[in-house]
Amino acid sequence: MKIQTKISSLIFTLILVTGIVAITSSYIVSKQMIEDEIYHHLESTTISRAHHIETLLDEEAELVKTFATSKVFVEVFTTQNLTPAIQRIKTLINIHEVISRIRVLDKQGKVVVSSHSEINPIGNAEIFAYGKEGVYIRDIHISTITATKVMSVSAPILAKGEFAGIIIVNIEVEKELYEIISHKHGKTSEIYLINKDGYMMTPSRFIEDTFLKQKVDSSEAREGLGLSEEKHAVEPDSYENYRGELVIGTHRVIKGMDWCLLAEIDAEDAFAPVHQLVQLMTLFLIMLLGVSGIVAFFTAKNITRPIVRLHRRSEEIEKGNWDYQVTVDSQDEIGQFSRAFDSMTARLKNAQDKLLIYQDKLEIQVADRTSELSQRIQEIERQKIGMQNLALDLAKSNALLEAVIEQAPFAIQIGEGASEHWEIITANKEAQRITGATEEQQRG
(Lines give C-alpha, C1' and ligand atoms only; values in the text may rest on other atoms or scores of the structure.)
Protein backbone atom coordinates (compact mmCIF):
# COMPACT_ATOMS: atom_id res chain seq x y z
CA MET A 1 0.00 0.00 0.00
CA LYS A 2 1.33 3.45 -0.90
CA ILE A 3 2.28 5.90 1.84
CA GLN A 4 -0.21 8.42 0.46
CA THR A 5 -3.00 5.87 0.77
CA LYS A 6 -1.86 4.91 4.27
CA ILE A 7 -1.81 8.53 5.46
CA SER A 8 -5.22 9.26 3.93
CA SER A 9 -6.67 6.09 5.45
CA LEU A 10 -5.15 6.90 8.85
CA ILE A 11 -6.57 10.43 8.90
CA PHE A 12 -9.95 9.20 7.67
CA THR A 13 -10.03 6.44 10.31
CA LEU A 14 -9.03 8.81 13.12
CA ILE A 15 -11.74 11.30 12.20
CA LEU A 16 -14.32 8.51 11.80
CA VAL A 17 -13.47 6.95 15.17
CA THR A 18 -13.39 10.35 16.88
CA GLY A 19 -16.72 11.28 15.33
CA ILE A 20 -18.36 8.00 16.36
CA VAL A 21 -17.07 8.39 19.91
CA ALA A 22 -18.27 12.00 20.02
CA ILE A 23 -21.72 11.08 18.67
CA THR A 24 -22.06 8.15 21.05
CA SER A 25 -20.97 10.23 24.04
CA SER A 26 -23.25 13.10 23.04
CA TYR A 27 -26.15 10.69 22.59
CA ILE A 28 -25.67 9.11 26.00
CA VAL A 29 -25.19 12.42 27.81
CA SER A 30 -28.00 14.18 25.94
CA LYS A 31 -30.37 11.28 26.45
CA GLN A 32 -29.63 11.22 30.16
CA MET A 33 -30.05 14.99 30.46
CA ILE A 34 -33.31 15.03 28.51
CA GLU A 35 -34.61 12.01 30.40
CA ASP A 36 -33.86 13.71 33.71
CA GLU A 37 -35.36 16.97 32.53
CA ILE A 38 -38.54 15.31 31.24
CA TYR A 39 -38.86 13.21 34.37
CA HIS A 40 -38.51 16.24 36.63
CA HIS A 41 -40.97 18.15 34.46
CA LEU A 42 -43.49 15.32 34.68
CA GLU A 43 -42.90 15.01 38.38
CA SER A 44 -43.41 18.71 38.99
CA THR A 45 -46.49 18.57 36.76
CA THR A 46 -48.04 15.70 38.68
CA ILE A 47 -47.27 17.40 41.99
CA SER A 48 -48.86 20.61 40.78
CA ARG A 49 -51.92 18.93 39.25
CA ALA A 50 -52.38 16.64 42.24
CA HIS A 51 -52.29 19.70 44.50
CA HIS A 52 -54.92 21.39 42.33
CA ILE A 53 -57.12 18.29 42.43
CA GLU A 54 -56.75 17.99 46.18
CA THR A 55 -57.58 21.69 46.54
CA LEU A 56 -60.61 21.24 44.31
CA LEU A 57 -61.80 18.25 46.31
CA ASP A 58 -61.35 20.17 49.55
CA GLU A 59 -63.28 23.09 48.15
CA GLU A 60 -66.09 20.87 46.93
CA ALA A 61 -66.19 19.02 50.24
CA GLU A 62 -66.27 22.30 52.14
CA LEU A 63 -69.01 23.61 49.85
CA VAL A 64 -71.21 20.56 50.39
CA LYS A 65 -70.49 20.73 54.10
CA THR A 66 -71.71 24.33 54.03
CA PHE A 67 -74.86 23.21 52.20
CA ALA A 68 -75.49 20.58 54.88
CA THR A 69 -75.40 23.20 57.62
CA SER A 70 -77.72 25.54 55.76
CA LYS A 71 -80.87 26.46 57.70
CA VAL A 72 -83.06 25.73 54.69
CA PHE A 73 -82.01 22.06 54.55
CA VAL A 74 -82.09 21.62 58.32
CA GLU A 75 -85.71 22.89 58.38
CA VAL A 76 -86.65 20.07 56.00
CA PHE A 77 -86.43 17.77 59.03
CA THR A 78 -87.64 20.21 61.71
CA THR A 79 -90.56 22.02 60.06
CA GLN A 80 -91.23 19.56 57.21
CA ASN A 81 -91.36 22.61 54.91
CA LEU A 82 -89.89 21.50 51.56
CA THR A 83 -90.62 24.56 49.44
CA PRO A 84 -87.66 26.67 50.64
CA ALA A 85 -85.36 23.68 50.19
CA ILE A 86 -86.54 23.07 46.62
CA GLN A 87 -86.07 26.73 45.78
CA ARG A 88 -82.65 26.70 47.39
CA ILE A 89 -81.59 23.69 45.32
CA LYS A 90 -82.62 25.40 42.10
CA THR A 91 -80.69 28.50 43.09
CA LEU A 92 -77.56 26.56 43.93
CA ILE A 93 -77.64 24.71 40.63
CA ASN A 94 -78.04 27.99 38.75
CA ILE A 95 -75.18 29.61 40.66
CA HIS A 96 -72.75 26.70 40.44
CA GLU A 97 -72.36 25.47 36.89
CA VAL A 98 -70.49 22.39 37.99
CA ILE A 99 -73.42 21.16 40.14
CA SER A 100 -75.80 19.00 38.15
CA ARG A 101 -77.93 17.41 40.90
CA ILE A 102 -78.72 17.87 44.60
CA ARG A 103 -80.60 15.45 46.83
CA VAL A 104 -81.57 15.45 50.48
CA LEU A 105 -82.15 12.06 52.15
CA ASP A 106 -83.59 11.16 55.52
CA LYS A 107 -82.22 8.69 58.04
CA GLN A 108 -83.49 5.69 56.10
CA GLY A 109 -81.91 6.86 52.85
CA LYS A 110 -85.17 7.95 51.31
CA VAL A 111 -84.99 11.00 49.06
CA VAL A 112 -86.86 13.87 50.64
CA VAL A 113 -85.97 16.71 48.30
CA SER A 114 -84.27 16.51 44.89
CA SER A 115 -83.47 18.69 41.93
CA HIS A 116 -84.92 15.99 39.66
CA SER A 117 -88.31 14.29 39.66
CA GLU A 118 -86.88 10.79 39.78
CA ILE A 119 -86.79 9.86 43.41
CA ASN A 120 -85.15 6.54 44.15
CA PRO A 121 -84.34 5.28 47.61
CA ILE A 122 -80.58 4.87 48.22
CA GLY A 123 -80.87 2.75 51.32
CA ASN A 124 -77.55 1.31 52.39
CA ALA A 125 -75.61 2.56 49.38
CA GLU A 126 -71.95 3.38 49.94
CA ILE A 127 -72.35 7.12 49.64
CA PHE A 128 -75.20 7.09 52.16
CA ALA A 129 -73.35 4.86 54.59
CA TYR A 130 -70.18 6.96 54.57
CA GLY A 131 -72.09 10.23 54.30
CA LYS A 132 -73.65 9.66 57.71
CA GLU A 133 -70.18 9.76 59.29
CA GLY A 134 -68.89 12.89 57.58
CA VAL A 135 -68.07 14.41 54.23
CA TYR A 136 -67.54 11.66 51.70
CA ILE A 137 -66.53 11.82 48.02
CA ARG A 138 -67.51 8.97 45.77
CA ASP A 139 -65.40 7.93 42.79
CA ILE A 140 -66.19 9.54 39.46
CA HIS A 141 -69.06 7.79 37.73
CA ILE A 142 -71.84 8.37 35.22
CA SER A 143 -75.04 9.72 36.71
CA THR A 144 -78.08 7.61 35.95
CA ILE A 145 -80.23 10.74 35.91
CA THR A 146 -78.18 13.34 34.06
CA ALA A 147 -75.99 10.86 32.13
CA THR A 148 -72.96 13.05 32.86
CA LYS A 149 -69.64 12.17 34.46
CA VAL A 150 -69.84 13.27 38.04
CA MET A 151 -68.41 12.76 41.47
CA SER A 152 -70.92 12.66 44.28
CA VAL A 153 -70.13 14.47 47.53
CA SER A 154 -72.23 13.72 50.61
CA ALA A 155 -72.34 15.34 54.06
CA PRO A 156 -74.52 14.70 57.14
CA ILE A 157 -77.32 17.09 58.08
CA LEU A 158 -77.74 17.63 61.79
CA ALA A 159 -81.03 18.81 63.30
CA LYS A 160 -80.94 19.86 66.91
CA GLY A 161 -77.52 18.27 67.21
CA GLU A 162 -78.64 14.88 66.00
CA PHE A 163 -78.22 13.11 62.68
CA ALA A 164 -81.29 13.79 60.55
CA GLY A 165 -80.19 12.91 57.02
CA ILE A 166 -77.60 13.64 54.35
CA ILE A 167 -77.21 15.88 51.35
CA ILE A 168 -75.70 14.52 48.14
CA VAL A 169 -74.33 16.87 45.50
CA ASN A 170 -73.31 15.67 42.05
CA ILE A 171 -70.45 17.72 40.61
CA GLU A 172 -69.68 17.43 36.91
CA VAL A 173 -65.99 16.64 36.57
CA GLU A 174 -65.69 17.64 32.91
CA LYS A 175 -66.13 21.31 33.79
CA GLU A 176 -63.37 21.63 36.39
CA LEU A 177 -61.50 18.44 37.15
CA TYR A 178 -60.84 17.51 33.55
CA GLU A 179 -59.56 21.02 32.85
CA ILE A 180 -57.03 20.64 35.63
CA ILE A 181 -55.82 17.34 34.23
CA SER A 182 -55.85 18.51 30.63
CA HIS A 183 -52.24 18.48 29.44
CA LYS A 184 -51.09 18.62 25.84
CA HIS A 185 -47.42 19.36 26.17
CA GLY A 186 -45.85 17.39 23.35
CA LYS A 187 -47.45 15.07 20.86
CA THR A 188 -47.71 12.05 23.14
CA SER A 189 -47.77 13.37 26.69
CA GLU A 190 -50.87 12.94 28.79
CA ILE A 191 -52.10 13.05 32.38
CA TYR A 192 -54.92 10.86 33.60
CA LEU A 193 -56.59 9.62 36.77
CA ILE A 194 -57.24 6.02 37.69
CA ASN A 195 -59.38 4.70 40.52
CA LYS A 196 -58.43 2.11 43.12
CA ASP A 197 -59.22 -0.68 40.67
CA GLY A 198 -56.89 0.76 38.02
CA TYR A 199 -59.60 1.99 35.62
CA MET A 200 -59.29 5.34 33.90
CA MET A 201 -61.63 8.03 35.21
CA THR A 202 -60.46 10.68 32.79
CA PRO A 203 -60.38 10.57 28.98
CA SER A 204 -57.42 9.38 26.95
CA ARG A 205 -55.79 11.44 24.22
CA PHE A 206 -55.38 8.39 22.05
CA ILE A 207 -58.24 5.98 22.72
CA GLU A 208 -61.93 6.83 22.69
CA ASP A 209 -64.44 5.74 25.31
CA THR A 210 -61.99 4.71 28.01
CA PHE A 211 -63.98 5.99 30.99
CA LEU A 212 -64.12 3.16 33.55
CA LYS A 213 -63.37 0.75 30.71
CA GLN A 214 -59.65 1.04 30.14
CA LYS A 215 -57.65 -0.94 32.65
CA VAL A 216 -54.21 0.51 33.46
CA ASP A 217 -51.82 -2.16 34.69
CA SER A 218 -48.43 -0.55 34.18
CA SER A 219 -45.65 -0.80 36.74
CA GLU A 220 -46.07 2.86 37.63
CA ALA A 221 -49.82 2.43 38.14
CA ARG A 222 -49.38 -0.63 40.34
CA GLU A 223 -46.85 1.22 42.42
CA GLY A 224 -49.18 4.20 42.78
CA LEU A 225 -52.04 1.97 43.90
CA GLY A 226 -49.80 0.14 46.33
CA LEU A 227 -50.03 -3.12 44.43
CA SER A 228 -46.29 -3.40 43.73
CA GLU A 229 -43.60 -4.36 46.21
CA GLU A 230 -40.94 -2.55 44.21
CA LYS A 231 -39.79 0.78 45.57
CA HIS A 232 -40.08 3.89 43.47
CA ALA A 233 -36.89 4.51 41.54
CA VAL A 234 -35.06 7.74 42.26
CA GLU A 235 -33.88 7.97 38.66
CA PRO A 236 -36.32 8.03 35.73
CA ASP A 237 -37.25 4.74 34.20
CA SER A 238 -39.21 3.71 31.14
CA TYR A 239 -42.05 1.24 31.05
CA GLU A 240 -45.00 0.15 28.87
CA ASN A 241 -48.21 2.07 29.39
CA TYR A 242 -51.79 0.98 28.76
CA ARG A 243 -51.29 1.46 24.99
CA GLY A 244 -48.27 -0.85 24.95
CA GLU A 245 -45.97 2.07 24.18
CA LEU A 246 -42.63 2.62 25.87
CA VAL A 247 -43.03 5.76 27.98
CA ILE A 248 -41.34 7.81 30.66
CA GLY A 249 -43.71 8.57 33.48
CA THR A 250 -44.36 9.24 37.11
CA HIS A 251 -47.33 9.17 39.47
CA ARG A 252 -48.82 10.93 42.45
CA VAL A 253 -51.42 9.62 44.90
CA ILE A 254 -54.35 11.94 45.59
CA LYS A 255 -54.61 12.51 49.33
CA GLY A 256 -57.85 11.37 50.93
CA MET A 257 -58.81 9.38 47.85
CA ASP A 258 -57.82 6.03 46.40
CA TRP A 259 -56.91 7.78 43.18
CA CYS A 260 -53.61 7.82 41.33
CA LEU A 261 -52.58 10.58 38.97
CA LEU A 262 -50.24 9.46 36.16
CA ALA A 263 -48.21 11.66 33.83
CA GLU A 264 -46.51 10.02 30.84
CA ILE A 265 -44.82 10.81 27.56
CA ASP A 266 -43.75 8.40 24.83
CA ALA A 267 -40.01 7.71 24.92
CA GLU A 268 -39.82 8.20 21.16
CA ASP A 269 -41.35 11.66 21.47
CA ALA A 270 -39.25 12.47 24.54
CA PHE A 271 -35.98 11.58 22.85
CA ALA A 272 -36.85 13.13 19.50
CA PRO A 273 -34.46 16.07 20.16
CA VAL A 274 -31.70 13.57 20.91
CA HIS A 275 -32.38 11.71 17.67
CA GLN A 276 -32.37 15.01 15.79
CA LEU A 277 -29.06 15.88 17.44
CA VAL A 278 -27.61 12.51 16.45
CA GLN A 279 -28.85 12.98 12.89
CA LEU A 280 -27.30 16.44 12.70
CA MET A 281 -24.03 15.19 14.17
CA THR A 282 -24.02 12.23 11.79
CA LEU A 283 -24.61 14.56 8.84
CA PHE A 284 -21.85 16.82 10.12
CA LEU A 285 -19.55 13.81 10.50
CA ILE A 286 -20.26 12.73 6.92
CA MET A 287 -19.48 16.24 5.66
CA LEU A 288 -16.38 16.36 7.85
CA LEU A 289 -15.25 12.99 6.50
CA GLY A 290 -15.71 14.25 2.96
CA VAL A 291 -13.76 17.44 3.57
CA SER A 292 -11.12 15.66 5.62
CA GLY A 293 -10.77 13.04 2.89
CA ILE A 294 -9.98 15.74 0.35
CA VAL A 295 -7.65 17.55 2.74
CA ALA A 296 -5.98 14.27 3.72
CA PHE A 297 -5.48 13.38 0.06
CA PHE A 298 -3.70 16.62 -0.80
CA THR A 299 -1.82 16.68 2.50
CA ALA A 300 -0.59 13.14 1.95
CA LYS A 301 0.29 14.05 -1.61
CA ASN A 302 2.36 17.03 -0.45
CA ILE A 303 4.08 14.84 2.13
CA THR A 304 4.83 12.00 -0.25
CA ARG A 305 5.81 14.15 -3.28
CA PRO A 306 9.43 14.68 -2.09
CA ILE A 307 9.60 11.04 -1.05
CA VAL A 308 8.56 10.04 -4.56
CA ARG A 309 11.23 12.37 -5.97
CA LEU A 310 13.81 10.76 -3.71
CA HIS A 311 12.67 7.37 -4.94
CA ARG A 312 13.08 8.49 -8.54
CA ARG A 313 16.55 9.74 -7.77
CA SER A 314 17.50 6.43 -6.21
CA GLU A 315 16.31 4.73 -9.41
CA GLU A 316 18.38 7.14 -11.50
CA ILE A 317 21.40 6.47 -9.31
CA GLU A 318 20.76 2.76 -9.70
CA LYS A 319 20.89 3.32 -13.46
CA GLY A 320 24.22 5.15 -13.04
CA ASN A 321 22.98 8.74 -13.37
CA TRP A 322 24.84 10.30 -10.43
CA ASP A 323 24.18 13.87 -11.61
CA TYR A 324 20.39 13.71 -11.02
CA GLN A 325 19.47 16.19 -8.26
CA VAL A 326 16.47 16.32 -5.86
CA THR A 327 15.52 19.83 -4.81
CA VAL A 328 13.36 20.03 -1.65
CA ASP A 329 13.29 23.51 -0.13
CA SER A 330 11.27 22.61 2.97
CA GLN A 331 12.89 22.87 6.38
CA ASP A 332 11.22 19.75 7.77
CA GLU A 333 12.64 16.27 8.14
CA ILE A 334 12.01 15.44 4.48
CA GLY A 335 13.99 18.52 3.41
CA GLN A 336 16.82 17.55 5.72
CA PHE A 337 16.71 14.00 4.38
CA SER A 338 16.78 15.30 0.80
CA ARG A 339 19.84 17.45 1.45
CA ALA A 340 21.56 14.59 3.26
CA PHE A 341 20.68 12.34 0.33
CA ASP A 342 22.23 14.84 -2.12
CA SER A 343 25.37 15.07 0.04
CA MET A 344 25.61 11.30 0.25
CA THR A 345 25.19 11.02 -3.51
CA ALA A 346 27.95 13.56 -4.09
CA ARG A 347 30.30 11.64 -1.82
CA LEU A 348 29.42 8.39 -3.52
CA LYS A 349 30.06 9.94 -6.93
CA ASN A 350 33.42 11.26 -5.75
CA ALA A 351 34.29 7.86 -4.34
CA GLN A 352 33.24 6.22 -7.59
CA ASP A 353 35.42 8.60 -9.62
CA LYS A 354 38.40 7.81 -7.42
CA LEU A 355 37.63 4.13 -7.74
CA LEU A 356 37.55 4.39 -11.53
CA ILE A 357 40.91 6.18 -11.55
CA TYR A 358 42.41 3.57 -9.26
CA GLN A 359 40.87 0.84 -11.41
CA ASP A 360 42.50 2.31 -14.53
CA LYS A 361 45.88 2.46 -12.78
CA LEU A 362 45.44 -1.06 -11.51
CA GLU A 363 44.63 -2.31 -14.98
CA ILE A 364 47.81 -0.67 -16.32
CA GLN A 365 49.87 -2.23 -13.55
CA VAL A 366 48.31 -5.62 -14.16
CA ALA A 367 49.02 -5.31 -17.90
CA ASP A 368 52.67 -4.39 -17.21
CA ARG A 369 53.13 -7.21 -14.76
CA THR A 370 51.43 -9.63 -17.14
CA SER A 371 53.75 -8.59 -19.99
CA GLU A 372 56.81 -8.92 -17.76
CA LEU A 373 55.68 -12.31 -16.52
CA SER A 374 55.07 -13.43 -20.10
CA GLN A 375 58.62 -12.41 -21.08
CA ARG A 376 60.07 -14.27 -18.11
CA ILE A 377 58.06 -17.38 -18.99
CA GLN A 378 59.37 -17.19 -22.57
CA GLU A 379 62.95 -16.82 -21.28
CA ILE A 380 62.50 -19.81 -18.98
CA GLU A 381 61.12 -21.82 -21.91
CA ARG A 382 64.18 -20.91 -23.99
CA GLN A 383 66.49 -21.88 -21.12
CA LYS A 384 64.58 -25.11 -20.71
CA ILE A 385 65.00 -25.98 -24.34
CA GLY A 386 68.72 -25.13 -24.13
CA MET A 387 69.19 -27.25 -21.07
CA GLN A 388 67.35 -30.11 -22.71
CA ASN A 389 69.61 -29.86 -25.80
CA LEU A 390 72.68 -29.71 -23.56
CA ALA A 391 71.52 -32.75 -21.65
CA LEU A 392 71.04 -34.67 -24.86
CA ASP A 393 74.52 -33.71 -26.04
CA LEU A 394 76.06 -34.74 -22.74
CA ALA A 395 74.19 -38.03 -22.80
CA LYS A 396 75.46 -38.73 -26.24
CA SER A 397 79.05 -37.86 -25.20
CA ASN A 398 78.88 -40.09 -22.15
CA ALA A 399 77.51 -42.95 -24.21
CA LEU A 400 80.31 -42.51 -26.74
CA LEU A 401 83.02 -42.41 -24.06
CA GLU A 402 81.62 -45.45 -22.31
CA ALA A 403 81.57 -47.29 -25.59
CA VAL A 404 85.19 -46.36 -26.29
CA ILE A 405 86.29 -47.45 -22.81
CA GLU A 406 84.48 -50.75 -23.12
CA GLN A 407 85.97 -51.43 -26.59
CA ALA A 408 89.55 -50.69 -25.50
CA PRO A 409 89.86 -51.52 -21.86
CA PHE A 410 93.53 -52.26 -22.14
CA ALA A 411 94.35 -49.26 -24.34
CA ILE A 412 93.96 -46.90 -21.48
CA GLN A 413 96.78 -47.08 -19.04
CA ILE A 414 96.68 -46.24 -15.47
CA GLY A 415 98.05 -42.78 -15.15
CA GLU A 416 97.35 -39.22 -16.06
CA GLY A 417 95.53 -40.05 -19.33
CA ALA A 418 93.17 -42.56 -17.79
CA SER A 419 92.46 -40.24 -14.95
CA GLU A 420 91.49 -37.43 -17.28
CA HIS A 421 89.17 -39.65 -19.25
CA TRP A 422 87.43 -40.76 -16.05
CA GLU A 423 86.97 -37.14 -14.88
CA ILE A 424 85.37 -36.25 -18.19
CA ILE A 425 82.85 -39.09 -17.82
CA THR A 426 82.14 -38.14 -14.22
CA ALA A 427 81.59 -34.48 -15.21
CA ASN A 428 79.22 -35.46 -17.98
CA LYS A 429 77.09 -37.53 -15.59
CA GLU A 430 76.98 -34.71 -13.06
CA ALA A 431 75.87 -32.27 -15.75
CA GLN A 432 73.21 -34.73 -16.88
CA ARG A 433 71.99 -35.05 -13.26
CA ILE A 434 71.77 -31.30 -12.83
CA THR A 435 69.90 -30.94 -16.12
CA GLY A 436 67.40 -33.59 -15.03
CA ALA A 437 66.91 -31.86 -11.69
CA THR A 438 66.31 -28.55 -13.43
CA GLU A 439 63.64 -30.08 -15.63
CA GLU A 440 61.94 -31.57 -12.57
CA GLN A 441 61.88 -28.17 -10.91
CA GLN A 442 60.39 -26.58 -14.03
CA ARG A 443 57.70 -29.25 -14.23
CA GLY A 444 56.97 -28.78 -10.55
Counting C-beta onward and ignoring hydrogens, is there a side-chain heavy-atom pair between [X] and [Y] closer than 4.5 Å?
X	Y	answer
L362	Q365	yes
L212	I142	no
Q388	L392	no
M200	V216	yes
H96	V169	no
H141	S152	yes
K132	I166	yes
L177	L56	yes

Flag, side chain of [X] to backbone of [Y], donor-acceptor distance under 3.5 Å:
X	Y	result
R222	D217	yes
T24	I20	yes
E54	K255	yes
T45	H41	yes
R49	L262	no
T46	L42	yes
S115	R101	no
D266	E268	no

Between R103 and N170, is the side-chain contact (heavy atoms from CB on, under 4.5 Å) condition met? List the steps. CA-CA 9 Å; R103 290 168 291 170; N170 285 359; 3.9 Å; yes
So which heavy atom on [X] is nearest to which on [Y], and how close?
X	Y	answer
A263	I191	CB-CG1, 3.9 Å
K196	L225	O-CD1, 3.9 Å
G224	C260	CA-SG, 3.8 Å
T202	T210	O-OG1, 3.9 Å
P156	V135	CD-N, 4.2 Å

Test ring-ring contact (aromatic ring centres under 6.0 Å, His included) applied to Y130 - qualifying residues, sequence neighbours left out: Y136
Crowded around [X] [atom1]? As in, over 12 foreign heavy atoms under 6.0 Å?
X	atom1	answer
E174	CD	yes
R243	CZ	yes
E363	CD	yes
F284	CZ	no
K215	NZ	yes

Test of understanding: with salt bridge (charged side-chain N to carboxylate O under 4.0 Å, His left out), list the residues that count as partners of D139, not counting sequence neighbours. none
In Å and rounded to the nearest 0.5 Å, what is the [atom1] to [atom2] distance from [X] to [Y]?
X	Y	atom1	atom2	answer
I47	L261	CD1	CG	10.5 Å
Q378	L373	CD	CG	10.0 Å
K213	I207	NZ	CD1	12.5 Å
I194	S218	CD1	OG	7.0 Å
I380	M387	CD1	CE	13.0 Å
I248	I38	CD1	CD1	5.0 Å

Where do E176 and E60 land on the side-chain contact (heavy atoms from CB on, under 4.5 Å) test, with the steps shown first? CA-CA 11 Å; E176 281 189 339; E60 300 296 349; 3.0 Å; yes
Run V247 and T188 through side-chain contact (heavy atoms from CB on, under 4.5 Å) and show every step you take. CA-CA 9 Å; V247 297; T188 58; over 6 Å; no
Could you note down all residue pairs passing salt bridge (Lys or Arg N to Asp or Glu O under 4.0 Å) where residues 371-380 supplies at least one of them, sequence neighbours left out? E379-R382
Against Y192, only a single residue in Y242, Y178, W259 fulfils ring-ring contact (aromatic ring centres under 6.0 Å, His included); can you say which? Y242
Would you sort out whether S154 and R138 count as a side-chain contact (heavy atoms from CB on, under 4.5 Å), showing the intermediate values? CA-CA 8 Å; S154 63; R138 181 186 173 187; over 6 Å; no
